[in-house]
Amino acid sequence: MDCLFCKIVAREIPAKLAFENEHVVAFHDIRPMAPTHVLVIPKKHIVGIGQATEDDVAVLGHVMLAGRLVAEELHLDDGYRLVVNNGENAGQSVFHLHLHVLGGRALGWPPG
């Protein structure tokens, strides 16, 4: 498989890790959109949230919980945003499900 994020999971490509357990890997984004910008990915390859199935319910929960744990570990006490983009028109550029953890400044709304 030629998936950038699968290669990070397999340690074929280096990444600055923020968190890892048996279900997910979290690493700092190389093009941050906020002072803190971490991506949380499942170790299982899922193209996007639109392709997730009932079999993925547990791993999706692990992704969300890891997002909270990353925010706590990085002291985003003033607030943070968790974002999942699905599809090219939504801004997804790597087609492996990932959760953006954004914080470290006031985040505007609406985001798009």
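This is a predicted model, so every value here is computed, not measured. Atom set for the values below is all heavy atoms of this structure, side chains included, hydrogens, waters and symmetry mates excluded.
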Which side-chain hydrogen bond (donor to acceptor under 3.5 Å, both in side chains) pairs, counting each pair once, include a residue from residues 69-92, with sequence neighbours left out?
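For residues 69-92, and leaving out neighbouring residues, the side-chain hydrogen bond (donor to acceptor under 3.5 Å, both in side chains) pairs sorted by first residue read Arg68-Glu72.
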Among residues two or more places apart or on two chains, list those pairs meeting side-chain hydrogen bond (donor to acceptor under 3.5 Å, both in side chains) that have a residue in residues 50-61.
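Those involving residues 50-61 are Lys44-Asp56, Thr53-Asp56.
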ILVMFWY network linking [X] to [Y], side-chain heavy atoms under 4.5 angstrom:
| X | Y | value |
| --- | --- | --- |
| Leu74 | Leu69 | yes |
| Val94 | Val38 | no |
| Leu107 | Leu82 | no |
| Val70 | Phe27 | no |
| Val84 | Leu65 | yes |

As an exercise, state the distance from [atom1] of [X] to [atom2] of [Y], rounded to the nearest 0.5 Å.
| X | Y | atom1 | atom2 | answer |
| --- | --- | --- | --- | --- |
| Cys3 | Ile46 | SG | CD1 | 11.5 Å |
| Leu17 | Arg11 | CG | CZ | 5.0 Å |
| Leu99 | Ile41 | CG | CD1 | 11.5 Å |
| Ser93 | His98 | OG | NE2 | 5.5 Å |

Do [X] and [Y] have side chains that get closer than 4.5 Å, going by heavy atoms?
| X | Y | answer |
| --- | --- | --- |
| Leu97 | Leu60 | yes |
| Leu4 | His96 | no |
| Val24 | Phe19 | yes |

Taking all non-hydrogen atoms of both residues into account, name the closest pair between [X] and [Y] and its distance.
| X | Y | result |
| --- | --- | --- |
| Gly67 | Val101 | CA-CG2, 3.8 Å |
| Gly104 | Pro35 | O-CG, 3.6 Å |
| Ala34 | Arg105 | CA-NE, 4.0 Å |
| Val59 | Pro42 | CG2-CB, 3.7 Å |

May I ask you to decide whether Lys43 forms a salt bridge with Glu22, counting only side-chain N to carboxylate O separations under 4.0 Å?
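Looking at Glu22 together with Lys43, the answer is no, because their closest N to O distance does not fall below 4.0 Å.
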Is the His100 ring parallel, tilted or perpendicular to the His37 ring (thresholds 30°, 60°)?
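Aromatic pair His100/His37 classed tilted.
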So if I apply the side chain to side chain contact (heavy atoms under 4.5 Å, CB included) rule between Leu39 and each of Asp29, Val25, Ile30, which one comes out positive?
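Checked Asp29, Val25, Ile30 against Leu39; only one passes side chain to side chain contact (heavy atoms under 4.5 Å, CB included): Asp29.
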Among all residues two or more places apart in sequence or in another chain, which pass the salt bridge (Lys or Arg N to Asp or Glu O under 4.0 Å) test with Arg31?
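Not a single residue meets the salt bridge (Lys or Arg N to Asp or Glu O under 4.0 Å) criterion with Arg31.
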